[in-house]
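Here is the structure we will look at.
To find a chain, count down the sequence lines: A is the first, B the second, and so on, and within it residues start at 1.
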Amino acid sequence: MVKTIWIGDVQSGKYDDQEVELKGWIKRERGSNKMRFIVLRDSTGTIQCVVKKDAIGEELFLEVKNVLIETSVIINGIVNADERADGGHELIATSFEIIGPVNPDRPFPINKEALDSAVDEDGELMPGGSEFLLDNRHLYLRTSRMTSMLKLRSSAFGAIHNYFRNEDFIEYQAPNFVTGAVEGGSTLFEVPYFGRTAYLTQSWQLYAEAAMPALERLYTIAPSFRAEKSRTRRHLTEFWHAEMEMAWATNDEIMAHGEGVVRHVARTLLEEQEKELTSLDRDLDLIARYADNPYPRMRYDEAVEILQAKGDDVEWGQDLDYSKEKILTQDFDVPHFLTHYPKIAKPFYHRVDPDDDNYVLCHDLLAPEGYGEIIGGGERTWSEEEILARLEEEGTDKEPYQFYIDTRSYGGVPHGGFGLGVDRVVSWLAGATHIREVIPFPRTSRRVTP
RNA sequence: GCCGAUUUAGCUUAGCUGGUGGAGCGUGGGACUGUUAAUCCCAAGGUCGAGGGUUCGAACCCCUCAAUCGGCGCCA
């Protein structure tokens with residue numbers, strides 16, 4: 001039963017004039033009552049199969065004629081290089097076997113019209129597609145666009161693992177049930193936990209910092225959950241978070257890894273998924289630019305000056321929201337870091353800049369093309385005294401953070417890390433119109449099905 | 001939480017100042033020996049998101065609700 005021959009290889013010319021057995025699903029079907037053209041799909045591509053009545057007999061031909069889209073089949077035949085076939089190759093069928101039929105009362109619902117609905121007048125894909133396609137996500141996954149996105153996603157995950165492992169980071173897992181917040185408490189998902197209330201984690205960070213004195217350089221790729229009612233093309237309630245934590249490192253050194261991993265992802269997509277990027281109409285030169293060029297760094301104060309010079313009414317001390325980020329990203333053709341935010345704009349765990357205590361040693365990485373923030377990170381407050389002072393200053397209850405504070409009581413060292421939104425990176429590099437496009441079953445504030 | 005929009009056949013939609021809801025795709029039947037999201041003929045398929053109101057009469061006007069989409073804030 002093992003499948004040995006892939007449509008992508010047949011289209012590459014590897015099996016010309018040979019007899020092969022192809023296994024896949026029917027993508028399209030047309031023809032006359034003497035011959036049918038079956039477009040067969042598998043995970044590697046599509047190929048036209050020519051089925052002639054004379055070659056397979058009347059009875060079988062009738063089955064072929066009545067076959068429905070997404071029927072799974074095994075077709076044997078001779079590979080024929082022919083310009084008339086899409087992709088340059090076709091299969092002249094000698095046999096045809098239906099494996100999994102489709103009920104005509106419920107034909108495959110993702111048809112031409114449904115796909116058109118996801119595209120606007122200019123032929124641009126609408127953000128996330130139509131409600132119908134979201135409801136039928138389990139079937140929409142089979143379309144070429146979604147298949148391409150999932151392949152890009154796989155390469156991105158692989159690239160992140162490779163980057164950190166090559167840099168001697170150790171993969172480490174934090175719990176998903178937690179009791180304390182990392183970001184604001186209002187964005188936690190509550191979970192009943194045997195009579196108590198637990199939360200789904202927003203970040204592995206606090207638990208990674210606990211392991212930092214053991215492993216020194218650690219990373220993860222794990223889901224994070226945020227109950228933000230955000231309705232934007234950059235937000236999911238469940239997203240994949242690549243995070244790293246590193247002992248004995250400064251903000252600059254941590255940023256170098258942020259830049260390193262993002263550039264490595266871009267490079268890997270170019271190397272492994274050129275075909276998919278092209279099929280998505282993505283400009284390869286753009287991805288190469290993101291892979292090859294250094295990412296500039298800019299202090300928060302400079303960003304505010306630029307914004308003010310552009311006539312924006314931003315005030316010093318306020319966090320930079322998406323509208324501000326978007327203006328900034330227009331001046332750059334590669335991602336850029338913003339560093340040294342005002343202390344008042346960031347939570348207690350960020351380390352205060354020893355040179356000027358109005359600022360913290362942090363960084364955000366903003367992706368160009370209007371995508372905005374893909375990394376947030378920085379140095380952590382590592383002395384027990386300082387962390388207690390910051391909690392006090394911020395008016396944050398220290399009880400849920402007791403274990404975290406405790407780690408500082410036993411040999412705290414300078415350290416830091418960042419979190420990277422993997423889905424955001426894939427969305428940006430793939431040129432997706434919505435982050436929903438790059439995750440198989442997106443979870444947002446209003447959708448948790450299918 | 002706030003602002004804006006949408007909801008008509010399985011899907012995509014047309015529907016004028018309120019007067020018997022049309023079409024394309026798909027499905028079913030038929031024709032066709034090289035099709036390129038094939039083409040041609042025929043058929044079935046609708047309590048117009050739900051509830052209420054105005055009216056002789058509502059898909060259309062008004063109210064309430066629901067679902068969904070887009071944007072903002074917040075963030076990765």
| request: For A58(B) versus G53(B), give the span between their P atoms, rounded off to a whole number of Å. | output: 12 Å
Which protein N or O atoms sit under 3.5 Å from an N or O of nucleotides 44-48 of chain B?
none

| Nucleotide nearest S32(A) (side chain, heavy atoms from C-beta), chosen from U35(B), G70(B), C32(B) | C32(B)
| query | Which residue lies toward the 5' end of RNA chain B, R30(A) or D105(A), if each is placed at its nearest nucleotide? | reply | D105(A)
| request: Please give the nucleotide sitting opposite G18(B) as a Watson-Crick or G-U wobble pair, both distances under 3.5 Å, or none. | output: none
| remark: Mate of C48(B) across any strand shown (Watson-Crick or G-U wobble, both atom pairs under 3.5 Å) is none
| request: Give E29(A) one of three labels, base, sugar-phosphate or nothing, depending on what nucleic acid heavy atoms sit under 4.0 Å from its own. | output: sugar-phosphate
| said: Ignoring hydrogens and geometry beyond distance, is the side chain of T187(A) in donor-acceptor contact with the base of C74(B) at under 3.5 Å? | reply: no
| Which value, in whole Å, describes the distance between the P atoms of nucleotides G18(B) and G57(B)? | 15 Å
| message | With a cut-off of less than 4.0 Å, is there a side-chain N or O of H434(A) near OP1 or OP2 of G70(B)? | response | yes
| message | What's L236(A) touching, base or sugar-phosphate or nothing? Going by heavy atoms closer than 4.0 Å. | response | base
| query | Which is true for S224(A) with a 4.0 Å heavy-atom rule: it touches a base, it touches only sugar-phosphate, or it touches nothing? | reply | nothing
| message | Holding to salt bridge (charged side-chain N to carboxylate O under 4.0 Å, His left out), I want the full list of residues that pass it with D301(A), two or more places apart in sequence or in another chain. | response | none
| field | Centroid-centroid under 6.0 Å between H363(A) and F337(A) rings | value | yes
| What's the closest nucleotide to the Y322(A) side chain, out of G28(B), G73(B), U33(B)? | G73(B)
| Any pair counted as ring pair (Phe, Tyr, Trp, His ring centres under 6.0 Å), so long as it reaches residues 25-69 of chain A, sequence neighbours left out | none
For nucleotides 65-68 of chain B, list the nitrogen or oxygen atoms of the protein found under 3.5 Å from its nitrogen or oxygen atoms, one pair per line.
unit_1 : atom_1 : unit_2  : atom_2 : d
U68(B) : OP1    : R446(A) : O      : 2.8
U68(B) : O2'    : E131(A) : OE1    : 3.1

| field | Partner of Y401(A) under ring pair (Phe, Tyr, Trp, His ring centres under 6.0 Å), chosen from Y207(A), F348(A), Y349(A) | value | F348(A)
| task | Just compare G73(B), C75(B), U33(B) and give me whichever is closest to any side-chain atom of D321(A). | result | G73(B)
| D319(A) near the nucleic acid: base, sugar-phosphate alone, or nothing, with a heavy-atom cut-off under 4.0 Å? | sugar-phosphate
| field | Base-pairing assignment for C69(B) (Watson-Crick or G-U wobble, both under 3.5 Å) | value | G4(B)
| field | Donor-acceptor side-chain pairing of D252(A) and T250(A) below 3.5 angstrom | value | no
| request: Give the intermediate values and the outcome of salt bridge (charged side-chain N to carboxylate O under 4.0 Å, His left out) for residues R282(A) and E276(A). | output: CA-CA 9 Å; R282(A) 196 62 171 135; E276(A) 308 302 332; over 6 Å; no
| Looking across every strand, which nucleic acid part, if any, lies under 4.0 Å from Q48(A) by heavy atom: base, sugar-phosphate, or nothing? | base
| Side chain E90(A) and base G34(B) donor-acceptor under 3.5 Å | yes
| task | Return the nearest nucleotide to the side chain of E373(A); candidates are C32(B), G26(B), A76(B). | result | A76(B)
| So does T232(A) reach the base of G73(B) with its side chain, donor to acceptor, closer than 3.5 Å? | no
| query | Considering only the P atoms, how many Å lie between C72(B) and U27(B), rounded to the nearest integer? | reply | 40 Å
| task | Compare every heavy atom of R436(A) with every heavy atom of P442(A), then report the nearest pair and how far apart it is. | result | CB-CG, 3.3 Å
| message | Strictly by salt bridge (Lys or Arg N to Asp or Glu O under 4.0 Å), give each pair with a member in residues 424-433 of chain A just once, sequence neighbours left out. | response | none
| query | Which part of the nucleic acid does N33(A) contact within heavy-atom distance under 4.0 Å: base, sugar-phosphate only, or nothing? | reply | base
| note | Re A37(B): Watson-Crick or G-U wobble partner, both distances kept under 3.5 Å, found to be none
| Closest to side chain of F132(A), choosing from G10(B), U35(B), A76(B) | G10(B)
| task | Answer yes or no for this row: F37(A) ring on G34(B) base, centroids under 5.5 Å, planes under 30°. | result | no
| field | Closest listed nucleotide, where the reference is the side chain of M35(A) and the choices are U27(B), G71(B), U33(B) | value | U33(B)
| message | Measuring from the side chain of K34(A) (C-beta onward, heavy atoms only), which nucleotide among U33(B), A76(B), C2(B) has the closest atom? | response | U33(B)
| field | Short side-chain N/O contact from S323(A) to OP1 or OP2 of G73(B), under 4.0 Å | value | yes
| said: Regarding Y219(A) and R165(A), do their side chains bring together a donor and an acceptor under 3.5 Å, going by distance alone? | reply: yes
| Candidate nucleotides U35(B), G26(B), A76(B), ranked by approach to the side chain of H235(A) - the nearest | A76(B)
| Across the strands shown, which category fits G419(A) at heavy-atom distances under 4.0 angstrom: base, sugar-phosphate, nothing? | sugar-phosphate
| query | Is the closest side-chain donor-acceptor distance between N80(A) and E90(A) under 3.5 Å? | reply | yes
| query | Got a sec, which residues hit side-chain contact (heavy atoms from CB on, under 4.5 Å) with E325(A), two or more places apart in sequence or on another chain? | reply | Y322(A), L366(A), E373(A)
| query | Does C25(B) have a Watson-Crick or wobble partner in any strand here, with both distances under 3.5 angstrom, and which is it? | reply | G10(B)
| query | Between D54(A) and V39(A), which has a closest nucleotide on RNA chain B that is more 5'? | reply | D54(A)
| message | Can you see whether Y359(A) has R299(A) sitting over its ring - NZ or CZ less than 6.0 Å from the centre and within 45° of the normal? | response | yes
